[in-house]
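Below, chains carry the letters A, B, ... as their sequence lines are ordered, and counting in each starts from 1.
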Protein chains: 2
Amino acid sequence: MKHSSPVPHELRFAVLAADAVMFTVFDGRLHVRLIPVHLPPYFSHLAGIPGGLLAPTETADQAAVRHATTKGGVLHEHLYLEQLYTFSAINRDPRNRVVAVAYLGLVPWEVLTKTAERDTAAATWVRIDKLPKLAYDHREIIRVGLERLRSRVTYTTIIKQLMPKEFTLTDLEVMYETVLGQDIDKRNFRKKVLKTGVLQVLPRERTGEQHRPAKLYRFLNRDIEPIAII
Amino acid sequence: MKHSSPVPHELRFAVLAADAVMFTVFDGRLHVRLIPVHLPPYFSHLAGIPGGLLAPTETADQAAVRHATTKGGVLHEHLYLEQLYTFSAINRDPRNRVVAVAYLGLVPWEVLTKTAERDTAAATWVRIDKLPKLAYDHREIIRVGLERLRSRVTYTTIIKQLMPKEFTLTDLEVMYETVLGQDIDKRNFRKKVLKTGVLQVLPRERTGEQHRPAKLYRFLNRDIEPIAII
DNA sequence: ATACTTAGTGTAGTATATACACCATGAAGC
DNA sequence: GCTTCATGGTGTATATACTACACTAAGTAT
C-alpha cells in the first residue's frame, strides 16, 4: 500500500502521453505513420501520430512501444524507438493538460509484411511532403522528428534502423539520399562507407534484375555508432 | 470554466517535475550545481540537482527556469537551458510517481557575481569528479547531461554559453580542454576556430598580467550554430 | 637591463574530400 | 548467340583539411 501522498491533488493536473513519430522509406520517399483522430474535439476530421496515455505502471518508453504497436500497427520486433522531445505547451490538447513524451521511430519498409503494418483503415503511411491537416501539435512533433532524423543520420549509423537485413550499396546510398534529400556521389560514398568498417559483405549477390548482380551487405551489429558518413 | 474531464482520475497518477543539470567551469574544472534535498525520505542526507514540480499553468521550460533560478540561485539572465531528456522510471522517486523533464543548463562562471550564485547554504558548485551521494536518479541525470554537453561541444558552438562576453583564445581553448577532458594543440585550435568565423576580434587587449597582452574576442551572436571545431 | 610568462605565428607531411567516366555482367529480346 | 539495356563496380588527380611541432613577441616585475 502507498503512503498518503505528499503531493496535493491540484498538482496532479496533467496527464502523460507517449507519441511516436514513425518513419519508413519506400518508393524513394520518406513516409510517416498516421492514424485518424477519433476523439473530441476532432471526431475523425484530422489525422495524428500514434500515441496515448501512460498507464500507472508504465515508463514512457514502455507506453511508446505499446501505443506505437497497438495503434500504429507496427510490430514491436520491427520497430526502433528513441526518445525525441517532451512537449508541454499548456493548450497543446484543447481538452486537458497533456504532456507528451515524443519518440522517434524507424522501421524498414521491407519487414512490414503483415497487413496491419501496411495501409489499413486504422493507420497509413503518408509521404512527408503530403501531410494532411494534423491534430494537436503533431505537425510540430513530426518536424522535430524529421530534423532529428536528418541530424542523426549524418553523424551516426542510425540509418541501419531503416534498412532491411541485407541490402546493396546502392540501396544504402538511395536511403541516405532519400532521408537527406540530396544526391550523393556513388564512388565516394562506396569508398567512405566501406572504410568505416560497419558493413559486412555477404557471399551472395542479388540476381534476377536485368542488369549486373549486386553484392549484398549487412550491418555488423544493431547498435548505433557515432560515425560520420555523409 | 473547464469541461468535465474525459480523463479518468486514475490516469492522473503522475506528477511532473523539471530538473536542471547546470554546469559551470572554474579553476579549470567542470562543476555542477547541487542543493540539499530536504524532503523525505532523504531529510538533507543527500544532495540533488535543482528542480521541482510544474504548476498547472507552466510549461516544462518555464518550470525549469523557475526552479533553476529560485532553488539553484542562478539568475535567469545568466542561464542557458535546453531540454535534455525525460526520466520516467516508475520508482525514481520513492514517494510518488514523478516524471522529470531534465534540462541541461550552462552558465559562465565570470557572470556569477551575486552571493546567491556562488556557494551558499542553499546551493553549491561541486566538481563533477567529486560528486557526493545523490538523491533519486540524479547521478544518472548528471551523467546524461555531461554526455550531452561533451557531444554538443564537438559539433556546435554551444560552448559560448559557458564563456564570458569577452575572452582570449587561450581562455576558449582551456574551456574546450576542460569540458572535453583532453589537451588541444594551440596553433591548430587557433587556425580552426578563427576560420569558422564565429568570433569577432575586439579592438582591445587584456593587459596587466605579467606577460604579453592577449587579444580579446567575443562570439558574434548568442545562437548555437552546428559547426565542428574539435 | 634582465628574467619571466604567456601570446602569437608557419610549414611540411599526411590524410581526407571532391570531381569525374568507363568497363563489367546478367537479363531479355531478337 | 548476338545485341541491347540497365545498373554494378572501380581509380585518379586535385584541392582541402588535419597533424605535429618550436621559436619570437611583448608586457610585467625585479
Heavy atoms of B:L162 and B:M175 approach each other most closely as O-CE, 3.5 Å
What integer distance in Å separates [X]:[atom1] from [N]:[atom2]?
X: B:D183; N: D:dC21; atom1: CG; atom2: P; value: 13 Å
X: A:F189; N: D:dG11; atom1: CZ; atom2: C1'; value: 18 Å
X: A:I230; N: C:dT16; atom1: CD1; atom2: C1'; value: 15 Å
X: A:R190; N: C:dA19; atom1: CZ; atom2: P; value: 18 Å
X: A:L194; N: C:dT16; atom1: CG; atom2: P; value: 15 Å
X: A:N188; N: D:dT10; atom1: CG; atom2: P; value: 14 Å
X: A:I229; N: C:dA17; atom1: CD1; atom2: C1'; value: 15 Å
X: B:I184; N: D:dA20; atom1: CD1; atom2: P; value: 13 Å

Any ion pair linking [Y] and [X] (charged N to carboxylate O, less than 4.0 Å)?
X: A:R204; Y: A:E166; answer: yes
X: B:R127; Y: B:D27; answer: no
X: B:E82; Y: B:R152; answer: yes

Practice prompt. Give a yes/no answer on whether the side chain of A:K191 brings an N or O atom under 4.0 Å of OP1 or OP2 in D:dT10.
Written response: no
Within residues 166-175 of chain A, those residues having any heavy atom closer than 4.0 Å to DNA chain C are none
Between B:K195 and B:D185, the residue closer to the 5' end of DNA chain D by nearest nucleotide is B:K195
Whether each nucleotide of nucleotides 21-30 of chain C has a protein heavy atom under 4.0 Å at its base (B), only at its sugar-phosphate (S) or at neither (-) is summarised, 5' to 3', as B--BBBSS--
| task | Please say whether more than 12 non-hydrogen atoms of neighbouring residues, nucleotides or ligands are located less than 6.0 Å from NE2 in A:H211. | result | yes
(message) Using modelled atom types and a 3.5 Å cut-off, is there a donor and acceptor pairing between side-chain atoms of B:R139 and backbone atoms of B:P132?
(response) yes
In terms of the angle between their ring planes, are B:Y155 and A:Y155 parallel, tilted or perpendicular, with boundaries placed at 30° and 60°? tilted
Mind running side-chain contact (heavy atoms from CB on, under 4.5 Å) on A:L172 and A:F219 for me, showing each step along the way?
CA-CA 11 Å; A:L172 184 60; A:F219 280 99; 4.1 Å; yes
Only one of A:R190, A:K186, A:R206 passes side-chain hydrogen bond (donor to acceptor under 3.5 Å, both in side chains) with A:T170, and that residue is A:R190
